[in-house]
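Just so we're on the same page: letters track the sequence lines, and every chain starts at 1. This structure is a prediction, so every number in the text was calculated from the model and none was measured.
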Amino acid sequence: MSSAHWMASSPPQDTVQETAPGNMPKSSLRLSSLPPIFISESHFKDINELHRLEDDVVETGGLLSYNLHEAKIVLTRVLSKKRITMDLRSKDCYTEEVLVVKDISVADTGTDPAAGHKAKRGKLSGEYEDGKKETEESILHEVSTDSENEDEHKPKNRSTKRKRVASSVEQDPNKAYFSNPYIKVLKWEWFTDSQKQDRVLPIEPYLLYQGQIIDKPEDPKTPGKGSSFTARTKTPQSILERARADAENDTSSPVQQRSNRKLGQIGGGRVSAPFQTTPHSKRAALLHQTTSEHDLGQSSDLPEMPPWVQNDVKYACQRSTPADPPNAAFIAQLDKIKLARLLTGDEIGVRAYSTSIAALAAYPHKLSTGREILLLPGCDAKIANLYVEFANYGKIQEAEDAENNEELKVQKLFYNIWGVGATTARDFYKEKGWRDLDDVVEYGWQTLTRVQQIGVKYYDEFLLPIPRSEVEDIAATIHKHAVKLRDAGIQSLVVGGYRRGKEHCGDVDIILSHPEESKTLNIITDIVASLEQESWITHTLLISTKTSDRGQQTLALNSSSTHGHGFDSLDKALVVWQNPHYIPSTSNPSDSKTKNTNPHRRVDIIISPWKTVGCAVMGWSGGTTFQRDLRRYVRQTYDYKFDSSGVRDRKTGDVVDVDGEAGTMEQAERNVFGALGLEFREPWERCTG
DNA sequence: TGGCCAATACTG
DNA sequence: CAGTAT
DNA sequence: GCCA
């Protein structure tokens with residue numbers, strides 16, 4: 001359709017590139033006097049749509065070009081500058097932004113979405129003087145400060161919004177633009193809108209980016225990875241890098257240790273698909289079919305299945321799941337695939353792998369055969385096949401691919417920002433075009449939410465594992481403050497990963513309660529304030545006081561009903577914690593009185609009324625799948641609704657007391673297990689992942 | 001083949 | 001309302 | 001991806 005059209009490397013204006021005789025446009029729009037046009041394919045559905053649109057442009061006499069070094073106009077659906085420059089670069093077109101566009105009058109389309117602001121990154125982690133309350137506000141101030149002082153690096157300041165000189169009538173408003181040699185990236189809508197109006201619209205409101213073509217910059221070093229921040233960062237890196245490395249090692253070590261080398265290497269035979277899903281009588285068929293040559297020889301005797309397998313017990317809360325199961329290495333591979341599902345937004349996949357993994361984690365024997373897996377709830381042919389591959393080769397291609405995928409690696413980086421989920425991580429990558437934290441800071445700082453800014457700021461520190469002893473210190477401090485604020489009747493318990501026995505914790509979760517209900521009312525606010533005052537809490541990411549609020553309302557309206565507490569959720573505060581007592585290292589006295597380098601920690605403080613504290617403890621102590629299955633179990637067997645703030649009958653809405661009488665939080669939790677017909681599981685048996 | 005993995009609060 | 005967190 |  002087009003080869004003739006875009007070859008034009010001749011001067012733009014005169015190349016009245018008439019379209020093929022046949023297709024005269026219905027529109028009278030003529031673009032033939034404009035410079036060559038390039039259409040960026042980003043965000044177009046498929047190549048066909050792109051071709052169609054190219055045809056549209058050609059029909060108007062537009063001079064299509066595929067060479068960015070001759071095109072002066074680029075039409076795109078991408079909106080962010082960052083992404084635009086990336087697109088250009090991918091076509092081997094390196095540019096430098098030119099901010100001032102033309103000499104005469106620059107219209108002020110106050111809405112220009114691309115009036116880019118680049119927040120200077122500069123001070124990231126660890127760079128802030130702690131001073132006292134370096135609260136959220138201070139961050140925001142820093143932000144705005146940064147962004148104001150900045151933006152100056154281009155000689156011509158950006159959109160110094162000059163008022164339009166109402167350049168009269170039909171002077172060509174584009175002329176001043178096309179008199180310069182810069183490449184102009186316009187919103188695609190410029191074309192479609194022009195089509196609609198049958199005239200060449202001023203490009204100005206659609207101008208996203210204007211760039212001057214420069215030589216391909218040398219990149220002598222591209223440190224790329226190793227640290228979340230690239231060399232651009234001023235922050236001293238050694239600590240951060242080590243920190244990150246530690247964190248990563250920690251994640252993989254307990255799992256990877258268990259070697260699988262004994263398993264592999266059965267012949268060189270390729271494992272194609274030993275287990276296949278067949279619509280009917282799938283399982284039976286599978287059990288007899290296949291496997292003979294793939295099951296590593298030890299074909300016949302399977303170990304005796306644990307009771308929960310034999311009895312079709314499928315909820316993770318009904319079985320024991322240790323932290324270091326025999327098949328941890330295999331599970332680690334599945335975790336990689338699961339992460340890929342997570343990052344790509346495949347929630348169903350995440351769910352499925354979580355279930356499979358939980359079952360495998362509860363399985364007490366080292367797997368010997370793919371067939372075994374088929375017996376486990378939540379596991380079927382896919383998982384069995386993955387196991388066979390793992391057994392034969394010691395690795396799983398799909399997992400390796402996921403792990404090495406550049407795009408996923410970057411998205412994972414973003415996902416690890418507190419306050420950034422999979423969707424946003426993908427958005428950062430795909431739409432914004434960011435590739436590392438520097439990009440986030442530099443190009444998007446002001447678009448981040450407050451908590452995301454905090455998440456970025458302490459990115460590395462939040463990834464650091466917290467030793468148990470420090471968890472205990474933090475808990476003791478919180479407990480102490482609670483007692484001070486109320487009385488010695490306060491009880492507290494560290495839950496989360498700590499309670500499950502993890503050596504290193506990702507955060508600290510602590511539940512506070514008091515046998516007297518009135519003593520927990522509004523205590524969350526008081527505790528945060530008190531801890532803030534003593535500088536333990538540096539930021540409050542989120543505080544939820546709904547229960548207390550409701551309590552007060554109920555009390556106000558109905559002063560007689562002290563027990564009318566409809567529990568919905570627990571009061572809680574998610575905060576950033578830092579030990580304010582910095583002990584300067586003797587070896588490095590230079591930073592002695594300089595700054596507190598104690599790492600910032602994520603701490604969740606949860607308040608529970610005593611009468612539901614068992615539910616709170618239970619709801620906060622298990623692994624994710626344990627909790628999920630607990631809710632499913634409770635729904636399925638009783639049609640109740642389990643919540644960390646209590647249990648209710650789904651039909652009547654009535655509160656069901658599962659807590660019973662208890663003197664301690666642990667006892668209360670045991671009561672809940674019993675009341676729900678569950679065998680008690682120690683916290684360290686709830687490591688479902 | 002469709003449903004599933006819960007439930008709730010806060011933020012922008 | 002979508003997104004994220006617990 | 002598993003299951004009813």
Side-chain angles (χ1 to χ4, degrees), chain A residues 136 275 277 279-280 282-283 312 314-317 334 337-338 340-342 345-359 373-374 376-386 398 414-428 446-455 462 495-497 506-511 524 540-550 566-575 602-607 615-616 619-622 624-636 640-648 650 688:
Chain A
E136 313 64 87
F275 299 96
T277 303
H280 292 298
K282 159 186 68 182
R283 201 156 275 209
D312 258 338
K314 47 190 170 191
Y315 297 112
C317 56
L334 298 186
I337 302 180
K338 177 181 150 193
R341 300 288 182 272
L342 177 65
D346 175 11
E347 295 174 42
I348 300 303
V350 174
R351 196 179 310 158
Y353 276 92
S354 298
T355 311
S356 310
I357 287 170
I373 292 185
L374 298 178
L376 305 185
C379 296
D380 207 327
K382 174 66 187 276
I383 306 297
N385 284 329
L386 290 176
E398 190 176 352
F414 295 151
Y415 180 76
N416 280 334
I417 300 171
W418 202 92
V420 171
T423 305
T424 308
R426 240 174 300 131
D427 177 71
F428 284 2
Q446 298 149 308
T447 71
L448 300 182
T449 68
R450 184 183 65 91
V451 298
Q452 287 169 342
Q453 289 178 345
I454 295 169
F462 285 173
V495 289
D507 66 357
V508 180
D509 305 301
I510 181 171
I511 297 181
I524 189 64
T540 303
L541 296 167
L542 168 59
I543 182 163
S544 166
T545 58
K546 252 215 139 190
T547 300
S548 283
D549 291 349
R550 183 180 301 107
F567 30 63
D568 268 331
S569 74
L570 304 174
D571 283 357
K572 61 173 179 277
L574 317 183
V575 304
R602 278 276 305 103
V603 174
D604 298 338
I605 304 171
I606 302 109
I607 310 299
C615 290
W620 280 82
S621 295
T624 319
T625 307
F626 185 94
Q627 295 185 50
R628 189 189 73 209
D629 282 6
L630 173 62
R631 296 177 207 269
R632 287 205 303 153
Y633 165 85
V634 168
R635 177 209 274 263
Q636 139 118 31
Y640 288 165
K641 182 176 71 162
F642 178 89
D643 183 291
S644 60
S645 59
V647 173
R648 278 197 262 191
R650 295 189 105 96
T688 57

Practice task
Return the value, rounded to whole Å, for the distance between atom CD1 of A/I454 and atom P of B/dT11.
Solution key: 11 Å
Handout entry: Nucleotide range of DNA chain C lying under 4.0 Å from chain A heavy atoms
Key = C/dG3 to C/dT6
Practice task
Evaluate the side-chain proximity of A/S354 to A/R628: yes if any heavy-atom separation is below 4.5 Å, no if none is.
Solution key: yes
Exercise for the section: Please report, rounded to the nearest Å, how far the C1' atom of B/dC5 is from the CZ atom of A/F642. Expected result: 16 Å
Exercise for the section: Please work out if A/L541 contacts a base, only the sugar-phosphate, or nothing of the nucleic acid, heavy-atom cut-off 4.0 Å. Expected result: nothing
Problem - From A/I511 atom CD1 to A/S621 atom OG, the distance as rounded to the nearest 0.5 Å - result: 6.0 Å
Practice task
Can you tell me, in whole Å, how much space there is between the C1' of D/dG1 and that of B/dA7?
Solution key: 23 Å
Practice task
May I ask you to say what A/S354 touches in the nucleic acid, namely base, sugar-phosphate or nothing, with a heavy-atom cut-off under 4.0 Å?
Solution key: base
Exercise for the section: Assign A/G349 to base, sugar-phosphate, or nothing according to its heavy-atom contacts below 4.0 angstrom with the strands shown. Expected result: nothing
Practice task
Calculate the interatomic distance between A/L374 atom CG and D/dG1 atom C1'; express it in whole Å.
Solution key: 13 Å
Practice task
With heavy atoms under 4.0 Å as the rule, sort A/L630 into base, sugar-phosphate or nothing.
Solution key: nothing
Fill in the blank from the handout: Whole-Å distance, A/K314 NZ to D/dC3 P, equals 9 Å
Exercise for the section: Write down the distance between CG (A/D571) and C1' (B/dT8), rounded to a whole number of angstrom. Expected result: 13 Å
Handout entry: Interatomic distance at P, C/dA5 relative to B/dC5, whole Å
Key = 23 Å
Practice task
Could you tell me which residues satisfy side chain to side chain donor-acceptor pair (under 3.5 Å) with A/D509, sequence neighbours excluded, listed by chain and number?
Solution key: none
Practice task
Pick base, sugar-phosphate or nothing for A/V420, based on heavy-atom distances below 4.0 Å to the nucleic acid.
Solution key: sugar-phosphate
Problem - Consecutive-pair stems (3 or more, Watson-Crick or G-U, under 3.5 Å) for DNA chain B - result: B:1-4 with D:1-4, B:8-12 with C:1-5
Exercise for the section: Would you mind reporting whether A/V451 and A/W418 have side-chain heavy atoms less than 4.5 Å apart? Expected result: yes
Handout entry: Separation of D/dC2 P from A/R341 CZ (nearest whole Å)
Key = 11 Å
Exercise for the section: May I ask you to say what A/R602 touches in the nucleic acid, namely base, sugar-phosphate or nothing, with a heavy-atom cut-off under 4.0 Å? Expected result: sugar-phosphate
Practice task
Could you check whether A/D604 gets within reach of a base, just the sugar-phosphate, or nothing at all, counting any heavy atom under 4.0 Å?
Solution key: sugar-phosphate
Practice task
Identify whether any heavy atom of A/L542 sits under 4.0 Å from a base atom; if not, whether one sits that close to sugar-phosphate; answer base, sugar-phosphate or nothing.
Solution key: sugar-phosphate
